[in-house]
Amino acid sequence: MEKVELKTVIKDWRLHAIAFILVAITEAIGQFSIAVGPGVILLLPMLYAFFLGLGLYFTPLISEKNAKNAEPLIILGVTLLIAKIGVTIGPQIEAIIAAGPALLLQELGNLGTIFLALPLAVLLGFRRESIGMTHSIAREPNVGLIVNKFGFSSPEGRGVMAIYIFGTVFGAVFLGLISGLLATATPLHPLSFAMASGVGSGSMMAAASGSLIGAYPELEEQIVAFAGASNLLSLSTGLYFSIFIGLPLTEKLYSIMMRKAERKAAKGGGPNA
């Protein structure tokens, strides 16, 4: 970001005032919990701020200029979050090392969603777009991978960008809601969900770990440490998993499904794929 742009962001008093008011309002509302069977859905201030901010975007209070100026502040916020996580990981390093194999193998769990997401995308009518959509959670490194291999305007490129945008808008909200519910409704240890929250996105990890901390405040430091370490591993190894395993696996499965669909269509069992 250029120096002139930084000055513009700093001088945007309306943006800072609105952000401050939103934080004050959402913190004043506080946390709510909704019982769902044996589990609990936690509604956190971050969730309120998201929807209030989204609503304000469609009002005269927020201009296109304000929205553009807010983008670098998100990066700054995530940077501070990562710094806090780094400080928290230190005292918990022995516990993290003890859970080493689980942390290292958790990336395989991200690949496991391919087997669910790809058939569903094809069933919904997507074709090669489904490769870009389902090979990963479609964060920045994965977008770069798809665009570099297939091109931005390719079906795969459109697919990965669709999930990138969807994840940016709804990913943190979804993980924030589902993590607290699953952690309280299942017999799995909260730290297993802390590891699962490190999917390679700072905002998604923060939302998921925030819900876990709300449900298990006594484990706050461990939850932050495990989520941060998991997220760091996902960021550092996730792209390589996508390059060597995720994307080839998705393309292979897609090819198999398309051949089966074509044989079925040739026999008169359905429309030509």
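Given the structure is predicted, the values throughout are model-derived calculations rather than measurements.
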Review point. Roughly how far, to the nearest 0.5 Å, is CG of Asn231 from OG of Ser197?
Key: 7.5 Å
Exercise for review: Could you note down all residue pairs passing salt bridge (Lys or Arg N to Asp or Glu O under 4.0 Å) where residues 178-201 supplies at least one of them, sequence neighbours left out?
Suggested key: none
Check your understanding: Looking only at atom types and distance, does a side-chain atom of Ser230 sit under 3.5 Å from a main-chain N or O of Ala227, one as donor and one as acceptor?
Key -> no
Review point. Just how far is it from atom CG of Leu15 to atom CD1 of Ile62, taken to the nearest 0.5 Å?
Key: 6.5 Å
Review point. Between Tyr164 and Ala138, what is the shortest heavy-atom contact and its length?
Key: CD1-O, 3.2 Å
Point to revise | Ser255-Arg259 side chain donor-acceptor pair, cut-off 3.5 Å | key: yes
Review point. Is Phe244 linked to Phe241 within one hydrophobic cluster, defined over Ile, Leu, Val, Met, Phe, Trp and Tyr using a side-chain heavy-atom separation of less than 4.5 Å?
Key: yes
Review point. Does Lys149 have any salt bridge (Lys or Arg N to Asp or Glu O under 4.0 Å) partners at least two apart in sequence or in another chain, and if so, which?
Key: Glu251
Practice item. Look up atom CD1 in Ile146 and atom NE2 in His135, then write down how far apart they are to the nearest 0.5 Å. Key: 4.0 Å
**Study point:** Over 12 foreign heavy atoms within 6.0 Å of CZ, Phe126
**Key:** no
Review point. When rounded to the nearest 0.5 angstrom, what distance separates CG in Leu212 from CZ in Phe226?
Key: 12.5 Å
Point to revise | Sole residue of Ile29, Ile25, Leu22 in side-chain contact (heavy atoms from CB on, under 4.5 Å) with Tyr48 | key: Ile29
Review point. Distance from Ile131 atom CD1 to Glu156 atom CD, nearest 0.5 Å?
Key: 5.0 Å
